[in-house]
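Only one structure is covered here, and it is reproduced in the block below.
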Amino acid sequence: MEFAAFAERADEIEATSADLEIVSLVRDLFSVADDDLDTVARFVQGRVFPAHESTTLDIGPNLCYEAIARAAGHNVSADDVESRVAAVGDVGDVAAEYDFGGQQGLSAFGGTDDSAGLTVGEVESELQDLAAATGSGSQDRKLDRLFGLFNRCDPDEARYLARIVLSEMRIGVGEGTVRDATTEAFDVPVEAVERALQVTNDYGLVATVAREDGPSGLDDLHLEIGRPVQAMLAQAGTVTDAVESWGSVAVETKYDGARVQVHYDGDSVSLFSRNMEDVTDPLPEVVDFVEDSLTAPAILDGEVVAVDDDGDPLPFQEILRRFRRKHDVAKAQEEVEVELWAFDCLHADGEDLLDAPLADRHARLDTLLDSRVSTLAVTDDPDEIADIEADALDAGHEGIMLKDPDSPYSPGRRGKEWLKRKPDVETLDLVVTGAEWGEGRRAEFLGTFELSVRAGPDEFETIGKVATGITDEELAELTDLLEPKVRAEDGKTVEIDPSVVFEVGYEEIQTSPTYSSGYALRFPRYLGVREDKNPENADTLKRVERLADGE
Ligand code: AMP
């Protein structure tokens, strides 16, 4: 396809604002793209490489301005181009203002006929060569090649070349547009296109396969070891939501590190960041761990955490320093050690597992690795979830993830299948008015504490019970503190003189007939004793009413 024809259609698309019309125009473009469909499907989004490739052109705005200036002739400097871009706001529109081609014969194209029209394929292969230039003098070589390209552009072509080079296409074509245009152009089901995109991350490949081999060709596309897919993402959510939506909840530590996708082909390891950048070289100890531990080819999802000398997690900023490190990796490794915690398995030993339920994928992960696998507890008991959260926080982790144990792995999706538990927005300071003696190992301690709000002077109404988030040591201390205040005893249950105030976290306040205040707390957790408060300063029923009304 002629690059000029591509530019003309891109102009039409840019001039259109209705989404459906844009899809139709992109569909028409795909229908005439011939051998260049692969490239056109990327160029139209301002991409030169498939999303899964870490390669970049490594051309900054300044180098691009310089190339434009050179092609525009002696009277134009890179500074002139830069100030025009500042004034106009778009590098493409500025590139289209100049009259290129006057510099014929100066271009770096040895032997190429400069007067012939550019094709999409030529632009792509020039840009690929340009991306491959590395090492000393590479910026000059890139500049020469880019100048050569601009020099062959008419204004409209220059507009899109500049935009593609700087990944600023801005014609209103997003990933969804390309997906729908592929579906319409080649009459294939949108679900098949979507799935194929998820496993390949390559719009060009998917469009070409849709055209050549139809739905069955799309279905034959699978994950490939070494080709990263987008990470599945999480929304914020509550334990209450999770238990109500799924019944059983898969609960896991939320590690405070950086996401890593591990690809092992049975021989070598590649590691990719959340943005699908190749981070293999900066993380040699993770590579060693995977090589030593995995026995079968696999694609795993996990988090890389920075740890101190005792193996305790360090803040997340420490890990970023390692990710960015290109030189002196060994030195960086001495400063900050990292370790991988795997929590999902997308592919194992020739089998794609994206559609398998999380619980099965995790079980498979357990068979692949015998250490550094997250513990996945499946439970419907909010108290157990609270205990897992307290343990995770005690161990220095960020919190917990709640996942639907039946859910498939959906690359790139930020759905409701994975929830990161929202931190509490509010806490309440509540008076302890009763308790229950524990059982078994905890029989000599008061265990479950009845909590009340202040309803008036010396008047308290119950609002819930808290039993979770309390360590054995704290239970012993609380028993010592509260036992002298026991007012009456009835079997295991005791009434306590209002004197001690607990700070309590919760997810939600609901109206409830169970407690005398008329309200109940969802997912209450003990956070500590408010030593500085007595019952007169505890939270009031009025405040609870306001919070329940969402004020
Ligand atoms: P956030 O970055 O706050 O949106 O939280 C989501 C991120 O938590 C994910 O992208 C992961 O990098 C990270 N994470 C830590 N532990 C887990 C886990 N067990 N499951 C999924 N994601 C996790």
Side-chain angles (χ1 to χ4, degrees), residues 198 201 228-239 241-242 246 248-263 271-277 279 282-283 286 299-307 311-324 338-346 353-354 356-366 368-369 371-379 384-385 388-425:
Q198 282 192 339
N201 250 306
V229 297
Q230 289 187 41
M232 181 160 173
L233 300 170
Q235 285 186 10
T238 62
V239 174
D241 290 341
W246 315 319
S248 282
V249 181
V251 189
E252 226 171 29
T253 296
K254 182 170 194 289
Y255 302 96
D256 190 10
R259 193 75 172 265
V260 157
Q261 205 172 90
V262 176
H263 289 241
L271 304 173
F272 299 97
S273 72
R274 176 170 163 164
N275 301 330
M276 296 187 288
E277 270 167 73
V279 288
L283 304 173
V286 178
I299 302 177
L300 310 181
D301 193 0
E303 190 91 346
V304 166
V305 195
V307 285
D312 290 328
L314 290 170
F316 149 83
Q317 287 77 3
E318 299 292 334
I319 182 90
L320 287 187
R321 286 211 248 156
R322 286 292 310 274
F323 264 54
R324 291 201 205 102
V338 299
E339 60 186 31
L340 170 76
W341 283 87
F343 51 72
D344 216 317
C345 176
L346 284 59
L353 298 171
L354 295 182
L358 166 66
D360 294 0
R361 298 198 306 275
H362 200 276
R364 192 68 177 264
L365 184 58
D366 277 325
L368 290 174
L369 280 182
S371 64
R372 309 264 191 83
V373 176
S374 66
T375 307
L376 191 79
V378 180
T379 175
E384 196 180 332
I385 300 177
I388 297 171
E389 181 175 53
D391 287 347
L393 292 172
D394 271 357
H397 298 297
E398 206 185 340
I400 50 169
M401 299 289 297
L402 310 167
K403 300 181 178 177
D404 176 356
D406 294 327
S407 60
Y409 191 99
S410 310
R413 185 171 150 79
R414 192 186 285 286
K416 286 198 187 305
E417 297 84 2
W418 286 14
L419 302 175
K420 45 188 173 184
R421 202 188 85 74
K422 266 193 217 155
D424 300 313
V425 194

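In listed order, ligands and their atoms are each counted from 1. For the single chain, residues carry numbers from 1 onward in sequence order.
- Contact annotation for Trp418 and ligand 1: only side-chain heavy atoms (C-beta onward) come within less than 4.0 Å of the ligand.
- For the ligand labelled ligand 1, residue Lys403 lies inside the 4.0 Å heavy-atom shell.
- At a heavy-atom distance under 4.0 Å, only side-chain atoms of Glu252, from C-beta outward, approach ligand 1.
- No side-chain heavy atom of Glu398 sits less than 4.5 Å from a side-chain heavy atom of Tyr255.
- Two residues are said to be in side-chain contact when any heavy atoms from C-beta on lie closer than 4.5 Å; Asp301 and Phe343 meet this criterion.
- In the vicinity of Arg274, heavy-atom distances shorter than 4.0 Å reach the ligand 1 atoms 2 (O), 10 (O).
- What sits closest to atom 11 (C) of ligand 1 on the protein, heavy atoms only, is Glu303 OE1, 3.1 Å.
- Using a 4.0 Å cutoff on heavy atoms, Glu398 does not count as a contact of ligand 1.
- A donor-acceptor contact shorter than 3.5 Å is absent between the side chain of Ser410 and the backbone of Arg413.
- At the shortest separation from atom 10 (O) of ligand 1 among protein heavy atoms lies Arg259 NH1, 2.9 Å.
- Closest to atom 23 (C) of ligand 1 by heavy atom, among Tyr255, Phe316, Phe343, is Phe343.
- A donor-acceptor pair under 3.5 Å is formed between the side chain of Gln261 and the backbone N or O of Val229.
- Judged by distance alone, with hydrogens and angles left aside, the side-chain atoms of Asp404 form a donor-acceptor pair with the main-chain N or O of Asp406 at under 3.5 Å.
- A distance-only check finds a donor-acceptor pair linking the side chain of Arg414 to the backbone of Ala234 [under 3.5 Å].
- Atom CZ of Arg361 and atom CG of Leu376 lie 10.0 Å apart (nearest 0.5 Å).
- Heavy atoms of Thr253 found under 4.0 angstrom from ligand 1 belong exclusively to the backbone.
- Which parts of ligand 1 touch Met401 is read off a 4.0 Å heavy-atom cut-off, strictly below it: atoms 17 (C), 18 (C), 19 (N), 20 (N), 21 (C), 22 (N).
- Distances below 4.0 Å separate heavy atoms of Lys420 from the following atoms of ligand 1: 1 (P), 3 (O), 4 (O), 5 (O).
- No donor-acceptor distance shorter than 3.5 angstrom exists from the side chain of His397 to the backbone of Glu389, with no hydrogens or angles considered.
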